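Predicted model, so just to flag it, every value in this text is computed and none were measured.
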Amino acid sequence: MTLAKPLPVAVIGAGLSGLSCAHRLLAAGHTVHVLDKSRGPAGRMSTRRAEDSTGPWQCDHGAQYFTARDPAFRAEVARWEAAGAAARWDARLASFDGTAWSTPQTPLERFVGTPRMTSPAGWLASRLGDHGTLQLQATVQQLERTADGWVIASAEHGRHAPTYSAVVLAIPAPQAAPLTAAVAPVAAAVARSARMRGSWAVMLRFAAPVPLAWDGAFINAGPLRWVARDSSKPGREGEETWLLHASPEWSEAHIEDDAAAVTQTLVEAFVAIGGPSPAAATAHRWRYADTEPPLTIGCWWDDAARLGLCGDWLHGGKVEGAWLSGQAVAERLLATAS
């Protein structure tokens, strides 16, 4: 569907959901302004890049991989693959129940961004074209609905000059709720109904390859939930890096703990399953990592207000859900504007 009249739209959030929405709207003729509080696009498809005493390193510390079951999303992933922004990760996987190791039997295509998990979002952001803009380090704090449309105010820039015909919030539910409370109580109620959980991640560096027989492991006992040899992913170069994700339950119980104490606990759990002590380690706390249970409404849209919500938390979780949710809210907007 193509717009009868192009409209200026603000998309708040430059993760995969927001960029998916932006591209669909741009293809239909919108002018789209994407805003994000971070220094770069990608949201939780995040990669830490740094240099310390061990040398330069990188490690995916948010989403670890993604699958593509939906045909439309699989076609999108194929575009990323053709552009060199994604590739299949044929990881050697294992599972540990606290006493015994096993090998997952379900065949599943797993993909990662290349050369880092941020690459698909970076590729999408670079292709917004003449009618799309990305404004980073803009923390949106207020939405105001005027007679002429929507006006946005951010912490860094105050009241923004443009007026928008529609606004889409592509941010975690706990951030969407306060932004919409005064202007769209129903949207705020939807956001408050989603219970998002935190997660601790610890990035490990080693001077030599770690002699473990697997590249990724699902851990179903103790504080760990997922362990991965990040440097085994396609396109990675440099030193040996590993990622430890704590379980949601452990993370929630320790979300306010000191990063050093969290690092010590998770490294000790890694050593307990056969890993060596790292040369260096860095922790990162995700306050909004996943939703339990995720909502399954796809997206939320108000025709009269021209205000929408999208994100993985509305579409079953995961990377694929984020992209599909962005497409869904864009289609709702297009149907309203046609």
Side-chain angles (χ1 to χ4, degrees), residues 11-21 34-48 59-66 117-118 120-121 136-141 143 154-155 167-181 184 187-203 223 225-226 243-257 259 262 266 282-300 308-326 329:
V11 175
I12 301 170
L16 187 59
S17 185
L19 290 169
S20 170
C21 174
V34 183
L35 304 97
D36 197 280
K37 67 177 184 177
S38 300
R39 291 178 295 174
R44 283 168 287 156
M45 290 179 68
S46 189
T47 305
R48 179 70 60 87
C59 187
D60 299 333
H61 61 296
Q64 291 294 289
Y65 61 83
F66 53 91
M117 191 59 81
T118 57
L136 299 171
Q137 295 183 299
T139 308
V140 175
Q141 294 184 315
L143 301 176
S154 69
V167 173
V168 173
L169 303 182
I171 55 180
Q175 295 172 354
L179 265 180
T180 55
V190 170
R192 285 193 295 268
S193 73
R195 177 178 173 261
M196 295 198 76
R197 303 181 295 183
S199 176
W200 277 103
V202 175
M203 296 154 272
R225 174 60 54 86
W226 167 256
L243 187 282
L244 313 179
H245 264 167
S247 72
E249 296 78 14
W250 190 92
S251 293
E252 285 285 283
H254 299 271
I255 201 67
E256 299 297 341
D257 285 9
V262 169
L266 297 188
T282 302
H284 179 86
R285 176 176 56 193
W286 293 100
R287 284 208 174 268
Y288 310 123
D290 72 351
T291 311
E292 183 54 43
L295 305 186
T296 57
I297 62 175
C299 67
W300 180 89
L309 304 173
C310 65
D312 65 276
W313 59 275
L314 286 154
H315 208 298
K318 310 301 183 185
V319 170
E320 181 171 9
W323 187 86
L324 290 170
S325 182
V329 78

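Comment: Arg197 engages Asp290 in a salt bridge, judged by a side-chain N to carboxylate O separation of less than 4.0 angstrom.
A side-chain donor-acceptor contact under 3.5 Å links Ser325 to the backbone of Gly298. Checking side-chain atoms of Glu252 against main-chain N and O of Gly198 turns up a donor-acceptor pair under 3.5 Å. Arg285 contributes no side-chain N or O that, together with a main-chain N or O of Ala259, makes up a donor-acceptor pair within less than 3.5 Å. The closest donor-acceptor contact from the side chain of Glu256 to the backbone of His254 lies at 3.5 Å or more, if one exists at all.
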- Item | Evaluation steps, side-chain contact (heavy atoms from CB on, under 4.5 Å), between Phe66 and Met117 | CA-CA 10 Å; Phe66 53 91; Met117 191 59 81; 4.2 Å; yes
- Message: Working note: Val167 + Ile12, criterion side-chain contact (heavy atoms from CB on, under 4.5 Å); need CA distance, chi angles, decisive distance, verdict.
- Response: CA-CA 8 Å; Val167 173; Ile12 301 170; 3.9 Å; yes
- Asp312/Arg44 under side-chain contact (heavy atoms from CB on, under 4.5 Å): CA gap, chis, key distance, verdict: CA-CA 11 Å; Asp312 65 276; Arg44 283 168 287 156; 2.4 Å; yes
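The structure places CE of Met203 at 7.0 Å from CG of Leu243, a figure rounded to the nearest 0.5 Å. Note that CG of Leu324 and SG of Cys310 are 11.5 Å apart. Values are rounded to the nearest 0.5 Å. Between Trp313 atom CH2 and Met196 atom CE the span is 8.5 Å, to the nearest 0.5 Å.
The two residues Ser199 and His245 make their nearest non-hydrogen contact at OG-CD2, 4.2 Å. Nearest approach of Trp200 to Ser251, heavy atoms of both residues: N-OG, 3.0 Å. Taking each heavy atom of Pro41 and Leu136 in turn, the nearest pair found is N-CD2, 4.2 Å. Residues Arg225 and Pro248 come closest through the heavy atom pair NH1-CD, 3.7 Å. Among all heavy-atom pairs drawn from Gly317 and Pro294, the shortest one is N-CB, 3.7 Å. Nearest heavy atom pair, residue Ala121 against residue Leu19, reads O-CD1, 3.4 Å.
With a 4.5 Å cut-off on side-chain heavy atoms, Met45 and Pro120 count as touching. The closest side-chain heavy-atom distance from Val319 to Leu16 is below 4.5 Å. Contact of the Glu320 side chain with the His315 side chain is not registered, since no non-hydrogen atoms from C-beta on lie closer than 4.5 Å. A heavy-atom distance below 4.5 Å is not found between the side chains of Ser154 and Leu35. Between Ile171 and Tyr288, every side-chain heavy-atom pair lies at or beyond the 4.5 Å cut-off. Looking only at side-chain heavy atoms (C-beta outward), His61 and Trp286 come within less than 4.5 Å of each other. Residues Thr180 and Val190 fail the side-chain proximity criterion, which asks for heavy atoms closer than 4.5 Å.
Legend: residues meeting side-chain hydrogen bond (donor to acceptor under 3.5 Å, both in side chains) with Gln175, ordered by chain and number and at least two apart, are absent. For Asp36, the salt bridge (charged side-chain N to carboxylate O under 4.0 Å, His left out) criterion is met by no residue, not counting sequence neighbours.
The side chain to side chain contact (heavy atoms under 4.5 Å, CB included) test with Leu169 is passed by exactly one of Leu309, Val11, Val329: Leu309.
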